[in-house]
Structure formats: structure tokens, C-alpha cells
Amino acid sequence: MFLSLTVRKKLKKFRSIRRGYYSLIILTSLFVLSLGLELFMNRRAVLVKYEGNYYFPTYGDVIPGTTFGLESEFETNYHELKELFKDHPENYVLMPIVPYDQYFTDLRDIRDEKGNKLYPPRPPNASTEHYLGTDTTGRDILARVAYAFRSSMIFALLLTLIIIVVGNSVGCLMGYIGGRFDILTQRLLEMASGIHVLLCAIFFATIFPPSLWSLLFLLGILSWMGYTADMRVLTFREKAKDYVTAARGLGAGHLRIMFKYIIPNSIVVIIMALPFQISSGISNLTALSYLGFGLPPPEANFGELLEQGQQRINELWILGSAVATLVAILVMTTFIGEALREAFDPKKHTVYE
Amino acid sequence: MSEVILSVNELAVTFRGEGKKRLTAVDNVSFDLKRGGSLGIVGESGCGKSVTALSLMRLLPKPAGDIARGSIVLSDTEGNAVDLVKYPQKKLHKIRGKRVAMIFQDPSSSLNPVHKIGKQLMEVYKLHFPKMSYEQRHREAVDLLRRVDIPSPERRMLDFPHNLSGGMKQRVVIALALACKPEVLIADEPTTALDVTVQEQILSLIKGLQRETGMSLLLITHDVGVVAEMCDDVVVMYAGRVAEKGAIRDIIDNPQHPYTKGLLTSIPSLSSAPKARLSTIEGSVPSLYDMPQGCRFANRCDLAEQRCEQQPALGRLGDGRYVACHKVAHQVVREEAHGSS
Ligand SMILES: Nc1ncnc2c1ncn2[C@@H]1O[C@H](COP(=O)(O)OP(=O)(O)OP(=O)(O)O)[C@@H](O)[C@H]1O
Ligand code: SF4
Ligand SMILES: [Mg+2]
């Protein structure tokens with residue numbers, strides 16, 4: 001472990017702040033679970049038993065319908081297969097909890113009590129297993145929200161990684177080299193800070209078709225600049241300490257000093273920035289998608305759901321699901337950030353007797 | 001006649017002052033460290049001991065500090081000599097830690113707080129012997145801890161610096177410095193930050209290790225008593241200059257410079273008649289901002305007179321014995337070229 005005693009003390013303090021700690025646990029578990037989302041929400045079955053053989057279609061290649069005695073050469077329709085196997089007790093299909101993925105368009109003929117045909121968007125209905133209803137094209141809202149959660153989290157985490165690595169490295173360099181390099185870089189960053197991140201992202205998105213990677217790259221190079229200041233100041237403080245001089249005296253080079261001595265000893269600024277970074281990553285992606293410059297359709301995203309929900313304000317389950325989930329995520333990251341700040345704030349941490 | 005391993009000649013170090021002005025913290029300092037020998041540098045706080053030591057490692061804080069003049073010549077046994085002042089910055093890592101190592105005053109801040117002791121020790125081998133395997137490095141590190149008398153070294157490898165007492169930390173710092181068997185060890189007040197009982201142990205450890213490895217020792221302290229115990233030769237510094245230097249026995253038996261005399265009477269164990277109270281030297285060291293033109297000790301010297309407004313030259317009194325004072329000028333054997341201001 002490369003954490004100093006004080007940092008570990010502070011993390012212990014963090015654990016005692018319930019709201020933040022539980023938010024961290026919940027959000028982390030949800031994210032970890034979402035990595036296996038295909039097992040819970042998928043048009044593919046989890047398990048198929050056909051003529052004594054077991055199949056696990058969730059991951060891997062498409063299994064054509066012919067494998068299970070259907071006529072289709074295309075991917076097996078497991079909903080159909082399930083209906084078919086009802087009469088054959090030796091064969092069965094085990095579907096996920098939500099038998100839809102984010103792209104699945106439900107074209108079934110669904111009618112209400114009076115026998116009127118229901119067109120999408122359809123309201124929540126447990127019997128059709130659309131627990132949060134469908135959107136305007138008949139895609140399951142719950143599945144779309146869940147996949148949107150996963151892609152937003154992955155996006156935000158990767159973006160945070162980029163920003164933290166680049167921002168802190170540059171900040172550390174500025175503080176370490178100091179002098180003219182520091183002043184010049186600072187002026188450049190000040191000029192760059194005038195750039196509006198979203199506006200700039202929209203500009204580029206109109207030129208290059210956006211994808212997860214291009215958006216990451218774009219937001220990454222636009223946002224790291226705000227994250228140099230803290231590390232720069234801490235480096236000034238840390239590089240004057242004896243252990244740095246002592247390490248130099250033992251023959252350690254500058255890069256080693258920066259990455260093995262200064263940055264690990266300044267880990268606090270990195271930890272403190274994490275929750276804020278993650279929530280701003282999610283918000284930025286949502287905003288871009290809302291405006292139509294984010295992840296291209298049919299990719300599920302909160303922005304796209306919000307936009308649709310706003311269009312169909314009477315079908316409240318669309319807007320409601322998206323808003324509730326988004327708010328829950330942002331509130332939890334805020335709680336985490338708040339708890340971290342409380343745990344790491346030196347003024348609250350020290351007792352003057 | 002011993003061979004000289006480290007020869008410092010007319011070293012001058014300046015710091016950036018207010019505006020364009022540069023302040024001279026170390027001025028015209030020369031001394032020789034003999035191979036396998038030990039040299040003490042004594043002087044009051046602020047007289048430039050640490051600055052001298054840092055210059056030898058080329059560790060002055062840049063760009064504030066700068067070696068303005070002089071040479072620092074490091075010689076090996078084959079007679080090859082390099083001037084560390086002109087040594088290329090890129091190659092300094094070949095010297096630092098490997099040929100010349102340094103121990104700092106405060107062990108609690110000389111270790112990286114976030115890494116375990118073992119990792120820090122093994123890191124030094126990684127730096128200088130990249131081909132060493134993990135097992136080899138581990139074995140060497142444990143062995144080092146054993147050599148600096150740390151009990152149950154294997155277990156200590158897993159400790160963080162904050163788990164250790166000050167004395168133990170300083171032992172680890174010494175182990176770090178000795179890892180690559182340096183030819184010269186510079187110890188800058190290695191015991192000042194420690195308890196009195198621990199000070200003795202650390203000093204005898206350093207002395208023992210020096211005897212064992214045959215390395216040369218440059219010991220910096222403000223305690224003449226320590227130098228008397230540990231060193232063959234001594235340089236007495238005052239306000240950035242050499243006041244007197246020579247063999248420690250000669251200087252204790254027969255101090256010539258008024259400052260040295262003052263220093264010696266301030267240690268009870270060495271003065272002939274035990275005194276009730278320590279006699280300290282009255283007055284204070286002139287600041288770097290207004291160094292007097294003449295003798296820097298003049299404002300505190302009982303013997304100061306007219307000619308002391310001229311800077312006294314460092315004159316040779318006998319074999320290896322030099323003093324910078326007008327009062328002893330008549331005893332000077334031969335003017336030294338580098339003694340003038
Ligand atoms: N980074 C620096 N910038 C400016 N002046 C400095 C700097 N470092 C040292 N000095 C000056 O150099 C002079 C010598 O300092 P030095 O640290 O060598 O004293 P010292 O003899 O080691 O004292 P001590 O016994 O307190 O350690 C002091 O007057 C100090 O003000
Ligand atoms: S030169 Fe003069 S002032 Fe300086 S130490 Fe000698 S007698 Fe004192
Ligand atoms: Mg000092």
C-alpha cells in the first residue's frame with residue numbers, strides 16, 4: 001500500500017461518515033453488477049436445455065434458430081422458443097429477470113382490458129415484463145436505464161482516469177520544474193480555461209461522428225486543465241522536504257522523485273477530486289446526448305431518455321425513470337464527495353488543545 | 001602521508017538575495033578529506049556547514065543556490081579525479097549514493113512516508129544495480145538492516161517509517177546511505193534530532209561502520225566534543241569562512257583562533273578546569289545581508305583591533321594547520337596562495 005498513516009486515518013474517518021460510505025458501497029456494487037448486465041437484462045436466454053444439451057447463449061456467438069429446431073437461420077428468438085418449449089417439459093428456456101436488452105423492440109400485439117391495441121410507449125406492466133414501461137419505439141425503459149447507467153459510469157471513470165493522470169502529471173511538472181516553465185504553462189492554461197467545454201465538444205461532434213472513444217478523447221483533452229492547480233501547489237510544498245533531497249542524494253532521478261515520492265504523498269488531492277470528476281463526467285455525457293451530440297443512437301443514454309421523456313411528458317414513466325436514476329447517481333456521488341471532504345479537511349481533522 | 005579522496009578548494013556558494021544581489025553563504029572554503037580518514041566541520045548554526053555539505057552532493061536548491069567558485073575533486077584509488085562542480089548534471093546519479101552518500105539531520109523527514117522500509121532500501125539497489133533480482137535485493141536490504149543493528153530486520157522491512165522510533169529511523173537512513181558502499185559518507189548533524197542516549201549509539205554505529213568499510217567520513221556538527229571523539233581532523237567554520245583547521249588533537253590542545261578558543265571553553269568536558277557555568281561567546285553572527293569587510297568575528301572578538309578591519313588571510317602554522325586571524329599572523333610559516341580574500 002502506498003498510503004501514508006494520515007491518509008489511512010482519514011479513510012477510516014470516511015468510513016464513519018455513514019451517508020458517504022453507504023453511497024460508495026451502493027454505487028460500487030451497482031456498477032460491479034452492471035458489468036454483468038447481460039445476465040440480468042437480455043433478449044438472449046441465460047440457459048437453454050434442448051434435447052439433453054445445455055446452452056448458455058448470454059455471451060459469445062449468435063446461436064441460429066435452427067440449433068433449437070426453429071426455422072430461422074438468424075439468431076434464435078428466445079421469447080418464441082420459450083413459448084414453443086411450454087409443451088415439451090424435457091426442454092426449457094431460462095430467461096433473464098428482464099428479458100430485453102437496450103435495443104430490443106417489442107412488437108408484440110399487446111392489448112388492454114378492453115381489447116384496444118396498445119402502441120408504444122407502453123406504460124409499466126409486470127405481465128409483459130416491462131417493469132418501467134417502454135419508450136416510443138417499444139424498447140424496455142428499465143433495460144435502457146440500466147445500460148445507460150453502465151455506459152455512463154464507464155465513460156465517467158475512464159474520463160476521470162484521463163483527467164487525473166494528465167492533470168496531475170502536468171501540475172506536478174509545473175510545481176517541480178517551477179520557474180519560467182511554470183509561469184508559461186500557467187498562462188497557457190489560463191487562456192485555455194476560457195474555452196467552453198460543452199460548446200467545444202459540440203463543435204467537434206458536428207465535424208466527427210461521436211462515439212464513446214472520440215467523446216472520451218475530446219472531453220479528456222478539454223477538461224484536464226482545471227486539475228493541475230492543486231497538484232502544482234502540493235508539489236511546491238513536497239519537493240522542499242528532506243526526504244526528496246535525501247532521495248536525490250541517493251541517486252534518484254527527477255521522474256522517479258515525481259512519481260514515487262511527490263505524487264503518492266499528495267494522493268489526497270487525487271482522492272478528493274474523484275467523486276466530483278465522476279459526477280461531472282456523467283453530467284457532461286448526459287448533456288451532450290440530450291443535445292444530440294453524445295453517444296449515437298440507438299445507444300441508451302440518460303440524455304436521450306430525458307429528451308424523449310420531455311417530448312412525451314404525458315407518458316411520465318419515461319421521464320420519471322431517467323430523472324430518478326440520474327438524480328440518485330448524482331446524489332450518491334455528492335454524498336461520497338462530501339464525506340471525503342469532511343474526512344480529509346485538515347481543519348476538521350486537527351484538534352487544538 | 002595519506003592520500004586525499006575529496007579535496008575542496010576555494011569553494012564559494014551564493015544564494016539569491018533581494019533583487020539581483022547574491023548573498024555569499026560559503027566563502028573561500030578549502031579542506032581535504034583523507035581516504036579512510038574522518039574530518040569534522042564545526043561551527044555555530046548558520047555558518048554554512050549544511051550548505052557546504054549539500055554542495056559536495058550538488059544538492060543545492062536550484063536556482064536560488066549556486067556554486068559560484070571553487071572545485072570539489074573526488075579521486076579514486078587509480079588516481080582518476082573528477083571535479084564535482086563541473087560534473088554533468090545528467091551523470092550525477094553515478095556519484096550520488098554510490099560514491100558519495102549523505103545522512104541528514106532529521107531522520108523523521110528523510111524517509112518517504114508512504115513506502116515501507118524494505119521497499120525504500122531495495123529501491124536504492126534498483127537505482128544503482130538494475131540487474132539485481134528481487135531476492136538479491138531483499139537479501140541485501142535485510143543484511144543492511146542487520147549491519148546497522150536493527151533487531152529482527154526481516155520484520156522491520158515491513159514497517160512504515162512512522163512505526164519506528166527516531167533512533168531506528170536514523171539507523172535506516174544510515175543503512176540507505178551505506179547500501180552501495182560509498183567511498184565518502186557525509187553526515188550532517190546526524191544526531192541533533194535524537195535523544196541524548198540514542199546520540200551515543202548512533203555515533204558509535206557510524207564510527208564502527210567506518211572502521212569496518214574503510215570509507216571516509218565527513219561529519220558535520222556544532223559539538224566539538226563529538227568531533228574529538230569521532231574525527232582525525234577538523235575545520236572550524238565561522239560565518240561561511242574557515243576560521244581554523246588542522247588535526248583535532250592539535251586544535252584542542254592549542255587553539256589559535258579566538259573563536260576556536262571560545263568554542264572550546266564552551267564544552268565543559270574538554271576545558272581544563274570544570275566551570276560552574278558554560279561560557280558562551282557573547283554577541284551574534286553577522287547576517288548574510290551585511291557581512292563586515294574585515295574579520296567576520298570582529299564584533300565578538302575580545303582581541304579585535306585596527307587591522308581586523310582587513311580580512312585576515314588563512315595562514316599556515318605548521319603541518320596541516322591553518323588559522324585566519326591577524327593575531328597569529330606572525331607565526332605563519334608561508335603565505336598560502338588561496339588564503340587571500
Ligand atoms: N535556500 C536558501 N536560500 C537562501 N539562503 C540560504 C538557503 N539555505 C541556506 N541559506 C543561508 O546559508 C547560510 C548557511 O546555512 P546552513 O544551513 O549551511 O547553516 P548550518 O551551518 O548548517 O546551520 P545549522 O547548524 O543550523 O544547520 C545561512 O545563513 C542561511 O540563511
Ligand atoms: S582577526 Fe582580529 S577580530 Fe578576527 S579573530 Fe583575529 S583578532 Fe579577532
Ligand atoms: Mg545545517
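Note on naming: letters A, B, ... go to the chains in the order of the sequence lines (proteins, then strands), and numbering restarts at 1 for each one.
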Undergrad: Side chain of H115(B), backbone of Y261(A): donor and acceptor closer than 3.5 Å?
TA: no

Undergrad: Determine the minimum heavy-atom distance between G251(A) and L127(B), stating which atoms define it.
TA: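 Between these two residues, the closest heavy atoms are O-CD2, 3.8 Å.
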
Undergrad: Report, as yes or no, whether the 6.0 Å neighbourhood of atom OH on Y59(A) holds more than 12 heavy atoms from other residues, nucleotides or ligands.
TA: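 Buried by this count: over 12 neighbours within 6.0 Å.
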
Undergrad: Do the side chains of R8(A) and F160(B) get nearer than 4.5 Å, heavy atoms only?
TA: yes

Undergrad: At a heavy-atom distance under 4.5 Å, which candidate from D106(B), L111(B), I103(B), V124(B) has the highest pair count against chain A?
TA: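 If we count pairs closer than 4.5 Å to chain A, L111(B) comes out on top.
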
Undergrad: For the atom pair OH (Y243(A)) and OG (S110(B)), what is the distance rounded to the nearest 0.5 Å?
TA: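 Between atom OH of Y243(A) and atom OG of S110(B) there are 11.5 Å.
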
Undergrad: Among K241(A), K239(A), R248(A), which has the most heavy-atom pairs under 4.5 Å with chain B?
TA: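 When all of K241(A), K239(A), R248(A) are compared, R248(A) has the most.
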
Undergrad: Please check if the number of heavy atoms outside R187(A) that lie under 6.0 Å from its CZ is greater than 12.
TA: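 Correct, the count exceeds 12.
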
Undergrad: Would you say CZ of F236(A) has more than 12 non-hydrogen atoms from neighbouring residues, nucleotides or ligands within 6.0 angstrom?
TA: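 Yes, enclosed.
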
Undergrad: Once you round to the nearest 0.5 Å, how far does NE2 of H128(B) lie from CG of L250(A)?
TA: 6.5 Å

Undergrad: If I measure from the heavy atoms of chain A, does V100(B) come under 4.5 Å with its side chain, its backbone, both, or neither?
TA: backbone

Undergrad: When you measure from the side chain of N112(B) to the backbone of K260(A), do you find a donor-acceptor pair of N or O atoms at a distance under 3.5 Å?
TA: yes

Undergrad: For D242(A) and S109(B), which heavy atoms make the closest approach, and how far apart are they?
TA: OD2-OG, 3.1 Å

Undergrad: Are the side chains of M57(B) and T245(A) in touch, meaning some heavy atoms are under 4.5 Å apart?
TA: no

Undergrad: Looking at F276(A), I want to see if its CZ is surrounded by more than 12 non-hydrogen atoms of other residues, nucleotides or ligands under 6.0 Å.
TA: no

Undergrad: So which of K126(B), E123(B), R58(B), K94(B) has the biggest tally of heavy-atom pairs under 4.5 Å with chain A?
TA: E123(B)

Undergrad: Atom NE2 of H254(A) and atom CD of Q89(B): how far apart are they, to the nearest 0.5 Å?
TA: 4.5 Å

